[in-house]
Amino acid sequence: MALCGIGLSQTLEGIDKWCLGGNFSTRLMVHRHFNWKTSARAQRRSSAIQCSSSRKVVSEESVQNEASVSVDDESDSGHVIRFNMGDFKILDRVSIGLSGRADEVVFEAIVKDSNSPLHNTKVVLRQLISVQAQRRGRRAIEVLKKLVRRRLMYHSYSMQVHGYVSSHTTSGRSLFTLVHGYHGSFSLRHWLQQADWLPTLEATLALDEESVRKVGDDSIGGPAASRQLRLIRLLMRDLLIGVCFILAGCSGCTFLLSSWLLNSIFVVYLLQVNYLHSHGLAHTELRLENVHISPVDRHIKVGILGNAADFYEDGPNNSSPDSNMDRRQMMIAFDMRCVGFMMAKMVLRELMDPLIFTKFKSFLTKGIDPSCLREFLLQVLNRNSSSGNTGFQILDRNWGAGWNLLSLLLATKPSKRISCLDALRHPFLCGPRWRVDPSIDMIRWGLGSSAVRITEEYIYRQPQRARLAYFVELMEMLNPHSKPKNWLEFLPGKWRMLYCTGRHIGLTLRQPPARILVGYVRLTVTRPSKSNTNLSFTSDISFTVMTGREWPHDKTGITGKLQINSLFRLMAGRRLYIKEEKTTPGLFSSQSDAQNSLVQKLSGRKWRKAVPFKDIPSSLSVAKLVSGDIELTMSLGHPLNHNVDAAKNIVQEVRTQIPPEMFDLSKFVCGTYVDSRFLVLRGVNGSALLFTRSWS
């Protein structure tokens, strides 16, 4: 598909006036005759242009004086060719996928010079108008020469730059046109915006049993979620290989060059990023608009490196090792964050909407841990669960491995972001045929994700209850933060209650004095100052008083809110496991059954590597909670706010339905698990309350 338009002038000056008026990403120009004059080759300079992340004001005069610097140094490499405009036959269309900036004009052309190795090859001419645009073009050629000199397979996974055209207008203005490869009509963004994008991309990539085996799969077809996951694995692996390949020169090069990597798309993209990084470069412009899929070799092609930034601003030998390392880490982290944004858009199509994506980026810029992304997106997309959303189903598979990879790519701290090679080895990008030993962090993530999925189904029969209790016990044994100082770091924030292992009492089999529908139950923990070890706990419970007779079908009513406050001191403690050979049925039978089931599971082969002990220990380190005074307040809507007896009945009914620990905070005795995503607190009666961190 292409959008067409008519040029207003056949002279270069006319082209310039028409071009500088706006964005040319969807404009098409027809120019049968060009009065372009080839400028004389400028004198070479001893040093090449250095481009760093910091922007400097450069006058047009200085750029014209620079002319082509290393661009004209054709003796260094035969990969960069200086063309004349007479070497091309300009076509009368421009594909929509070749969108440019406001200071660029894009043409499609065919090389008609019979002596050129590109004879009859379709290419793209990207005329760069402004000073900054011309700097990007020269930078792209400079980076290309740097990489090609080292004989690295750059062109396999990046948009190939063939050369350039340098000329002047009749008014003496310098023009610079980049000549690069043509890789189809659409960018990856345009592919994903098509209504039939999934079957079309499957056909373009020739997705068959042989190709999917290269990402560890052994089947094709199936439900939409399976097909989309298979395709995303290919795209992501090729993308990562491409990023990593541009960085390749590292010790992992042999691993990256294995056959299954070279034929999988997202890995290729990561390799391209890593390839750049290992040579002191960061791409800095990784977006869906800059990525194309070549129908020839079925690989992702990353856009030209016009904004590639150097890790070493003043050269690798002129800066201190610490500053070089910090700059390198920041640049790599920036590229990996861009890869995370691309993955999010590929999986969750709703993020293609600019308004939703703006909310998505705003959430991340607030410094909130990306492990809460699922909770955030469920609310933004107005969903109570992942049911019916293909993107959520994909990310929820394999114990929520997709959410884990996404949170690592978008981590708030650059030092916490995953590297290209680790991303390629992540379980989400490895198909079922590849056995990947999960890390202990991945096991913790999977236990919590599975518990969330069970609670969303809201089917609390005995099998589900036993499974949830088992997951909570395992999480407690794998608690990564047992010391009070760790709890002081992770505990503050807002937590939403997911599940309680204690009793559950609803409205179905009772005739209560007030029919209450409990909404959210949240626990807010605040710390007055870093020097103060005291914590303030606030329990917020929202509810609706259903006054109508048709309450089973009509859930509307008078809203209310219950708030309980208390101060806590945090101390080191231990949770004792009472081992009795004979337990009396009744009070402790359910807890002993859960522990016996846990012992059997831990003795299996699956958990030997993950759990640091074979048997249940006699005790575990916990954070002991010592509470102070409790303050309770309740607000009710009109007219119940004036009825004291009704208020008493409402409080009693809310107390009946919610866990007693959320009503009387003093019944919390210890914390047994905490990380950036989940929290487990134990009550005085032994029941466990599972919380997930809430962003709102």
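Here, residue 1 is the first one in the sequence, and each next residue gets the next number.
With sequence neighbours left out, the side-chain hydrogen bond (donor to acceptor under 3.5 Å, both in side chains) criterion links S621 to R574. Remark: H481 engages F490 in a ring pair (Phe, Tyr, Trp, His ring centres under 6.0 Å) (not counting sequence neighbours). Remark: R444 engages D441 in a salt bridge (Lys or Arg N to Asp or Glu O under 4.0 Å) (not counting sequence neighbours). A search for side-chain contact (heavy atoms from CB on, under 4.5 Å) contacts involving V518 returns I516, V521, I541, Q657, I658, not counting sequence neighbours. F568 meets the ring pair (Phe, Tyr, Trp, His ring centres under 6.0 Å) test with F537; sequence neighbours excluded. For the salt bridge (Lys or Arg N to Asp or Glu O under 4.0 Å) test, residues two or more places apart in sequence or in another chain that qualify with D422 are R425.
Taking each heavy atom of Q228 and V347 in turn, the nearest pair found is NE2-O, 3.5 Å. In plain terms, the two heavy atoms of Q393 and R397 that are nearest each other are O-CG, 3.1 Å. The minimum heavy-atom distance linking K359 with F376 is given by the pair O-CZ, 3.6 Å. Nearest heavy-atom pair across P492 and R527 is CG-CB, 4.2 Å.
A heavy-atom distance below 4.5 Å is found between the side chains of L410 and F341. Here the side chains of V622 and S482 are not in contact, with every heavy-atom distance at 4.5 Å or above. Side chains of L523 and T538 form no contact here, defined as non-hydrogen atoms less than 4.5 Å apart. Using a 4.5 Å heavy-atom cutoff, the side chains of M475 and L690 are in contact. By the 4.5 Å heavy-atom criterion applied to side chains, I454 and F471 are counted as neighbours. K624 places none of its side-chain heavy atoms less than 4.5 Å from the side chain of R569. V380 places none of its side-chain heavy atoms less than 4.5 Å from the side chain of F363. Between P370 and T412, the closest side-chain pair of non-hydrogen atoms falls below 4.5 Å.
Using the six-membered ring where Trp is involved, Y499 and H504 have ring planes that are tilted, between 30° and 60° apart.
More than 12 heavy atoms of other residues, nucleotides or ligands lie within 6.0 Å of CZ in F357, so this atom counts as buried by the packing criterion. Within a 6.0 Å radius of CG in D629, other residues, nucleotides and ligands contribute 12 heavy atoms or fewer. Other residues, nucleotides and ligands contribute at most 12 non-hydrogen atoms within 6.0 Å of the CZ atom of R655.
Remark: L681 CG to L689 CG distance equals 7.0 Å, nearest 0.5 Å. Interatomic distance, L364 CG to K366 NZ, rounded to the nearest 0.5 Å: 10.5 Å. Taken from CD in Q462 to CZ in R467, the straight-line distance is 13.5 Å, to the nearest 0.5 Å. Taking CG of L665 as the reference point, atom OG of S627 lies at 8.0 Å (rounded to 0.5 Å).
Taking a cutoff of 4.0 Å between a charged side-chain nitrogen and a carboxylate oxygen, E456 and R374 qualify as a salt bridge. Taking the charged nitrogens against the carboxylate oxygens, R693 and E375 have no contact shorter than 4.0 Å, which rules out a salt bridge.
For the residue pair S687 / E661, a side-chain donor-acceptor distance below 3.5 Å is found, with atom types taken as modelled. A donor and an acceptor atom, one from each side chain of R682 and T501, are nowhere located under 3.5 Å apart. Side-chain atoms of S407 and W403 include no donor-acceptor pair closer than 3.5 Å. Side chains of Q563 and D540: a donor on one and an acceptor on the other come within 3.5 Å.
For the pair R522 and Y520, the cation-pi test (distance below 6.0 Å, angle within 45°) is passed. Relative to the ring axis of F543, K561 does not place its NZ or CZ within 45° and under 6.0 Å from the centre.
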> Checking side-chain contact (heavy atoms from CB on, under 4.5 Å) for the pair F360/L377: CA distance, chi angles, key distance, verdict?
Replying inline: CA-CA 8 Å; F360 178 75; L377 288 172; 4.1 Å; yes
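When ring centroids are compared, Y673 and W487 stay outside the 6.0 Å threshold.
The main-chain N or O of L679 is never found under 3.5 Å from a side-chain atom of W495 such that the two would form a donor-acceptor pair.
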